[in-house]
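Predicted model only: the values in this text are computed from it and were never measured. Sequential numbering from 1 along the given sequence is applied to the chain's residues.
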Amino acid sequence: KALSDYVQRTTYLEDQLNRKPTDRNMHLEVAKLYEKGNEPDKAQKHYDMAYMLLTHPKEAERGLNALRNSTAVSHPPTR
């Protein structure tokens, strides 16, 4: 049960971050969750992003938006 709760919560938070990648508090929340879940690399990635959003918000936001746009799923136009 604990593992499924962890997976469900991390999946939910990652989905929310895909929608709002510049939410520094959400990066901190998911980082703490990954840390508790013994996934230090994933935790560090989110701690680093939260730090970038705090110290260099415009650059971090520009980079995150570029990344999101480049990885967005595009659908062919319908006729």
Residues sharing Leu28's hydrophobic cluster, by side-chain heavy-atom contacts under 4.5 Å among ILVMFWY, directly or via others? Tyr47
Rounding to 0.5 Å, atoms OH (Tyr6) and NZ (Lys36) come to a distance of 11.0 Å
Closest non-hydrogen atom pair, Pro21 against Leu53: O-CD1, 4.0 Å
Quick one: side-chain hydrogen bond (donor to acceptor under 3.5 Å, both in side chains) pairs with a partner in residues 21-34, sequence neighbours left out? Arg9-Glu29, Glu14-Tyr34, His27-His46
Residue pair Met26 / Val30, side-chain heavy-atom distance below 4.5 Å: no
Run the salt-bridge test on Lys45 and Asp41 with the 4.0 Å N-O cut-off and return the result as yes or no. no
Atom CE in Met49, atom CG in Leu17: separation rounded to 0.5 Å? 10.0 Å
Please report the interatomic distance CE(Met52) to CD(Glu59), rounded to the nearest 0.5 Å. 6.5 Å
So, for Ala31 and Ala43, which heavy atoms are closest and what is the spacing to 0.1 Å? O-CB, 3.3 Å
